[in-house]
Q: 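Mind looking over this structure? Questions follow.
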Amino acid sequence: MNRIREAIETIEHTLEILLPHQGTEPVTGQPDQFFLTYNNSLVYVIGIDSDGDSEVAVLRGGHGLRGMRGDAPGSCYYVDGQGFYKGTPGPGTVMSLRKSVRVEFDIVPNGMKLEA
């Protein structure tokens, strides 16, 4: 696939995710809390720096774009004081904080349970 077509598909995919939320605003990051992003990635706010930006760790999901922060589980990225993905508006915007969630971890091998 050529790079122009790849860019178009990335933009179309981003719009598909964001359009249903066009009347909403992200939520502010809070340290030591879990959040769902606009693409339903599960993330954890590690802390807030002196500028009010939150450092966020991806636990499940990610935007999938190599070379950009927040692409996959285990990666970290930043959101600004309003919860928007820090950087140029575009595909990374799907990683803005949509809502805070409570996560419970079971000791059994089944993993974690998410309560929205």
Q: Assess the residue pair Val45 and Gln30 against the criterion (side-chain contact (heavy atoms from CB on, under 4.5 Å)); give the C-alpha distance rounded to whole Å, side-chain angles, the decisive distance to 0.1 Å, and a yes or no.
A: CA-CA 6 Å; Val45 173; Gln30 300 294 321; 6.0 Å; no
Q: Kindly give the heavy-atom pair with the smallest separation between Pro26 and Phe84, and that separation in Å.
A: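 Answer, listing the atom of Pro26 first, then Phe84: CD-CZ, 3.4 Å.
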Q: Got a second to check how far Tyr38's OH is from Thr93's OG1, nearest 0.5 Å?
A: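 Answer for the OH-OG1 pair, Tyr38 versus Thr93, is 10.0 Å.
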Q: Given 3.5 Å as the limit, does a donor-acceptor pair link the side chain of Tyr78 with the main chain of Gly87, or not?
A: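 It does not hold such a pair.
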Q: Establish, from distance only, whether the side-chain atoms of Arg60 and Asn40 form a donor-acceptor pair under 3.5 Å.
A: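 Result is no, nothing qualifies.
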Q: Keeping Thr37 on the side-chain end and Leu97 on the backbone end, is there a donor-acceptor pair under 3.5 Å?
A: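 Not a single qualifying donor-acceptor pair exists.
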Q: Test salt bridge (Lys or Arg N to Asp or Glu O under 4.0 Å) on Arg5 and Glu12; report intermediate values, then the result.
A: CA-CA 10 Å; Arg5 183 67 208 148; Glu12 287 173 342; 3.8 Å; yes
Q: Is there a side-chain contact (heavy atoms from CB on, under 4.5 Å) between Glu25 and Gln82? Walk through the geometry before answering.
A: CA-CA 8 Å; Glu25 293 290 330; Gln82 285 90 35; over 6 Å; no
Q: Looking only at heavy atoms, which two atoms of Gly61 and Pro73 are closest? And how far apart?
A: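 Closest approach of Gly61 to Pro73: O-CD, 3.0 Å.
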Q: Decide yes or no for Val56 and Phe35: does some side-chain heavy atom of the first lie under 4.5 Å from some side-chain heavy atom of the second?
A: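 A side-chain contact is absent here, since even the closest heavy-atom pair is not under 4.5 Å.
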Q: Salt bridge (Lys or Arg N to Asp or Glu O under 4.0 Å), that's the test. Do Asp80 and Lys86 meet it? Break it down for me.
A: CA-CA 6 Å; Asp80 67 16; Lys86 189 94 182 213; over 6 Å; no
Q: Hydrophobic cluster membership, with links at side-chain heavy-atom distances under 4.5 Å among I/L/V/M/F/W/Y: are Leu15 and Val94 in one?
A: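 In one cluster: no.
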Q: Identify the heavy atoms of Cys76 and Ile46 that sit nearest to each other, and give their distance.
A: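 Looking at all heavy atoms of both residues, the shortest contact is SG-CD1, 3.9 Å.
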Q: I would like to know whether Met95 and Val58 meet side-chain contact (heavy atoms from CB on, under 4.5 Å); could you show each step before the answer?
A: CA-CA 9 Å; Met95 296 300 288; Val58 179; 3.8 Å; yes
Q: Given the rule in the side-chain contact (heavy atoms from CB on, under 4.5 Å) test, do Phe34 and Val43 qualify, once you have shown the distances and angles that lead to the verdict?
A: CA-CA 6 Å; Phe34 296 93; Val43 300; over 6 Å; no
Q: Taking Asp51 for its side chain and Asp53 for its backbone only, find out whether a donor-acceptor pair lies under 3.5 Å.
A: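 No, the answer is negative, given that no donor and acceptor are paired below the 3.5 Å cut-off.
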Q: Hey, is CG on Leu19 packed in by over 12 heavy atoms from elsewhere, all under 6.0 Å?
A: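 For Leu19, atom CG is crowded (more than 12 foreign heavy atoms under 6.0 Å).
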